[in-house]
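Here is the structure we will look at.
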Number of protein chains: 2
Amino acid sequence: MEPDPERKGEAVRGGRVGIRDVARRAGVAISSVSRVLNGNPNVTPALRQRVLEAVEALGYQVNLVGSDLRRGTTRTVGVVIDDIANPLFAEIMLGAEATLSAAGYLVTLMSSHGTARGDAAALRHFRGRRVDGLLLALSDDTGADWHAALAAGDGGCPVVLLDREAPLPCHSVLSDHAQGMDAALTELVGAGHRRIGLMLGPLCTRPGRARLRAFEAGLRARGLNPDARFVTLHTPATAADAERTMAGVLRRPAADRPSAMIVGGGQLLTGALRALHAAGCRLPEEMSLLVCDDTPLAELHRPGLTALRRDVIGIGRAGAELLLEAMKAPGAEPRSATIPIEIVRRASVGPPAA
Amino acid sequence: MEPDPERKGEAVRGGRVGIRDVARRAGVAISSVSRVLNGNPNVTPALRQRVLEAVEALGYQVNLVGSDLRRGTTRTVGVVIDDIANPLFAEIMLGAEATLSAAGYLVTLMSSHGTARGDAAALRHFRGRRVDGLLLALSDDTGADWHAALAAGDGGCPVVLLDREAPLPCHSVLSDHAQGMDAALTELVGAGHRRIGLMLGPLCTRPGRARLRAFEAGLRARGLNPDARFVTLHTPATAADAERTMAGVLRRPAADRPSAMIVGGGQLLTGALRALHAAGCRLPEEMSLLVCDDTPLAELHRPGLTALRRDVIGIGRAGAELLLEAMKAPGAEPRSATIPIEIVRRASVGPPAA
DNA sequence: TTGTAGGCGTTATCAA
DNA sequence: TTGATAACGCCTACAA
């Protein structure tokens, strides 16, 4: 079987209709088809008409891979998220997408499953596919590998970090966790608590580190000592993990456990509440509870949960805006936006039992 | 300024290091670099060594766009989700990603913002970029445009619909909403309810349609008539919208409003609970509540919310498995998996007040 | 206004 | 085992 010269490349093409087929059918040059499809004004209505008919008749759809390759740009930005189950994530995306799509960019997303490997795979995919920009909430911002990729600078696309940090200056949107944690401690200590516990996610991203640091510093500044037994890290921050931790805390005699707990974001609250309910622990009579992120669960739980809140949509929006600027002026000085955190008082904080 | 022949194409290339640069530096042919990078066994260790050194030294990263174009395949599947804020979405992704990444596929995601335009944009992106398969939970499965794209069949990649339906046979994962709604009605009617209200999302996707149909049929089968005043559709299904609806219901005199409400998935529960709390309405004494999807909020709310539950991770897994088969045998007969729904009894359903 | 042709970065075929 | 080369599908000077 000799390859039919009329159909060369057909095996690789997969039998799809290509721009050539359209051109042939319309009896015009390939470049004319391209012009019509890209809205180039220098086209006779008659020619446009014929091309459009051929496109319709053949059901042609552009192959954007060819287009991307030729143009060297994709009008697409990639978002890497560590934990797609985080209740805040949807709102961050909302803010980012609104801004970016208004500017003509498509937004695509990959989850990195809480692992540095996932980060690397997503980065390889997006950079390799030549997205025009990247919004990164990586699973692990402590690795040296992606720092190198950032440092490469030239050749890489503009990047904005979402509550992550790198050893070199970098565009980023940073929540003011120090301020938030301080407000939390003020609230709890003000209510009379001295034994305060803390449940956090992993330390390999900024929120964990910032919250822990602020917690320890804040306690010391108030003349208290963090009790290492009641500060727990959860990697990854699953509900099941948090439930075990909280159950363990609740098994201790009341006098020997924290009178108040601060629970970090992500899925931790779900697990903590499961354990609390299972133990029949009343809030705030038997224990006070303060959550690091405000969610419908925190709001609608009875009693309502005192929580830290930030403008989550604003995080996405700020990230998108920084990215748009960076894509416009790739060389510009790294800038970062800071998102304030406020406390929302509800009913889960009260005076300690003892 | 004449273009320097040594640097031709540099403007378009954007000054990135390419495979040519690596080849030149290593003193080998381009094809040899490609072989090394793709793990082709027919390569001398010495040559491999030199190439790897050059790659390292230049910080070279493959341009997957070129690779995609040449190969005609991407080892990537696209997922289109109507509502990224839906609490179930993360678990669907979890199930799908586990299965697909084990099979060597990367999973990328786009949200379609609850609009048919969003669906179209996402589809154009993914198909145009030649993903190998598509998992679709579109915002609107009633449009003729994407049906045409599906029918095109040849030329398009394999597709699995997630709780969506098309006029032609198609791979799909379908939740058994009829069964779920029937269980819900059995529960409520069994508790003595006769006036049952329903809050749903839009009818432009299957869950809305299937639930509504089953609701009406189920009531009639039990000798009851659905009261049109208490069946509300929400497009899109936002919390604010649901809150308004529920507040409206609660403003009516108790004798003239439903004694039980069934609340659909998505964000509707959040809004409904806000209104219920604001009105100080006690569950189930003053009204019974049953939710169409089980979430942490339903579980941890006090009183616990009776809910319909399905194996959400299983939806993603089933979708991924169907897609893997379809990608292996593109011509195969469309198959569909059905996901059962069960009821989880908690405390929000009781006898009617009157 | 339209056509011709070159090249984007890669892989695969073929010859050496 | 290695190298030269021809596509993949598209866009864009440039020429006509």
Side-chain angles (χ1 to χ4, degrees), chain A residues 2-3 5 7-24 26-51 55 58 60-75 127-130 155, chain B residues 2-3 5 7-24 26-51 55 58 60-75 127-130 155:
Chain A
E2 290 191 319
R7 297 192 188 174
K8 67 184 170 187
E10 181 119 330
V12 174
R13 296 225 322 267
R16 275 179 141 113
V17 332
I19 198 173
R20 275 190 309 273
D21 304 302
V22 177
R24 197 177 314 144
V28 300
I30 293 181
S31 53
S32 292
V33 178
S34 174
R35 274 187 283 259
V36 169
L37 265 31
N38 290 295
N40 185 318
N42 299 336
V43 173
T44 314
L47 188 140
R48 155 168 288 116
Q49 175 79 4
R50 274 193 299 164
V51 168
V55 165
L58 300 175
Y60 169 72
Q61 315 181 64
V62 255
N63 182 333
L64 295 174
V65 179
S67 165
D68 287 347
L69 179 58
R70 174 59 227 246
R71 293 202 224 254
T73 188
T74 55
R75 300 294 299 169
R127 300 195 108 123
R129 257 86 186 190
R130 295 297 183 264
Chain B
E2 290 192 319
R7 295 193 188 175
K8 67 183 170 186
E10 181 119 333
V12 175
R13 296 225 322 267
R16 275 177 139 113
V17 334
I19 197 173
R20 276 190 308 274
D21 304 303
V22 177
R24 196 177 316 145
V28 302
I30 293 180
S31 51
S32 291
V33 178
S34 175
R35 273 189 284 260
V36 169
L37 263 32
N38 290 295
N40 185 318
N42 298 336
V43 173
T44 315
L47 187 140
R48 155 167 289 118
Q49 175 79 4
R50 273 193 299 163
V51 167
V55 165
L58 298 175
Y60 168 72
Q61 315 182 61
V62 253
N63 182 334
L64 295 175
V65 179
S67 172
D68 288 347
L69 177 59
R70 175 59 228 240
R71 291 203 226 256
T73 188
T74 55
R75 300 296 293 171
R127 299 197 109 122
R129 258 85 184 190
R130 295 296 183 265

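Reminder, nothing fancy here: chain letters follow the sequence lines and each chain counts from 1.
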Short side-chain N/O contact from A:N42 to OP1 or OP2 of C:dT2, under 4.0 Å: no
Would you classify A:V65 as touching base, sugar-phosphate or nothing, given that sugar-phosphate means primed atoms plus P, OP1 and OP2, and contacts are heavy atoms under 4.0 Å? nothing
For the helix from C:dT1-D:dA16 to C:dA16-D:dT1, what angle lies between the axis at the first five pairs and the axis at the last five pairs, to 10 degrees? 40°
Student check: side-chain heavy atoms of B:S67 and B:V62 closer than 4.5 Å: no
Could you check if a side-chain atom of B:R129 sits within less than 4.5 angstrom of a side-chain atom of A:T74, using non-hydrogen atoms only? yes
Between A:S34 and D:dC11, is there a contact of a side-chain N or O with OP1 or OP2 at under 4.0 Å? yes
What nucleic acid atoms does A:L47 come within less than 4.0 Å of, heavy atoms only: base, sugar-phosphate, or nothing? sugar-phosphate
Once hydrogens and angles are ignored, does a donor-acceptor distance under 3.5 Å link the base of C:dT11 to the side chain of B:R70? yes
Can you say whether a donor on the side chain of A:R35 sits under 3.5 Å from an acceptor on the base of C:dG3, or the other way round? yes
Atom pair distance, as rounded to whole Å: CG in A:N63 and P in D:dC8: 12 Å
CG of A:L69 to CG of B:L64, rounded to nearest 0.5 Å, is 11.5 Å
In whole angstrom, give the distance that lies between atom CZ of B:R130 and atom C1' of D:dG9. 9 Å
Tell me what B:S67 touches on the nucleic acid: a base, only sugar-phosphate, or nothing, going by heavy atoms under 4.0 Å. sugar-phosphate
Using atom CZ of B:R71 as one end and atom P of D:dG9 as the other, report the distance to the nearest whole Å. 16 Å
When the distance from CG of B:D68 to P of C:dT11 is rounded to whole Å, what number comes out? 10 Å
Whole angstrom is fine here: how far is it from CZ in B:R16 over to C1' in C:dG9? 12 Å
When the side chains of residues 33-43 of chain A are checked against the rest of the protein, which donor-acceptor pairs come out under 3.5 Å, sequence neighbours left out?
unit_1, atom_1, unit_2, atom_2, d
A:S34, OG, A:N38, ND2, 3.2
A:R35, NH2, A:S31, OG, 3.4
A:N38, OD1, A:R71, NH2, 3.2
A:N38, ND2, A:S34, O, 2.8
A:N40, OD1, A:N42, N, 2.9

Should the side chain of A:T44 and the base of C:dT2 be counted as holding a donor-acceptor pair, with the cut-off at 3.5 Å? no
What is the distance, rounded to the nearest whole Å, between atom CD1 of B:I30 and atom C1' of D:dA4? 10 Å
Quick one: label A:S32 by what it contacts on the DNA or RNA (base, sugar-phosphate, nothing), any heavy atom closer than 4.0 Å. sugar-phosphate
If you assign A:S31 and A:P41 each to the DNA chain C nucleotide with the nearest heavy atom, which residue ends up on the more 5' nucleotide? A:P41
Between D:dC8 atom P and A:I19 atom CD1, what is the distance in whole Å? 13 Å
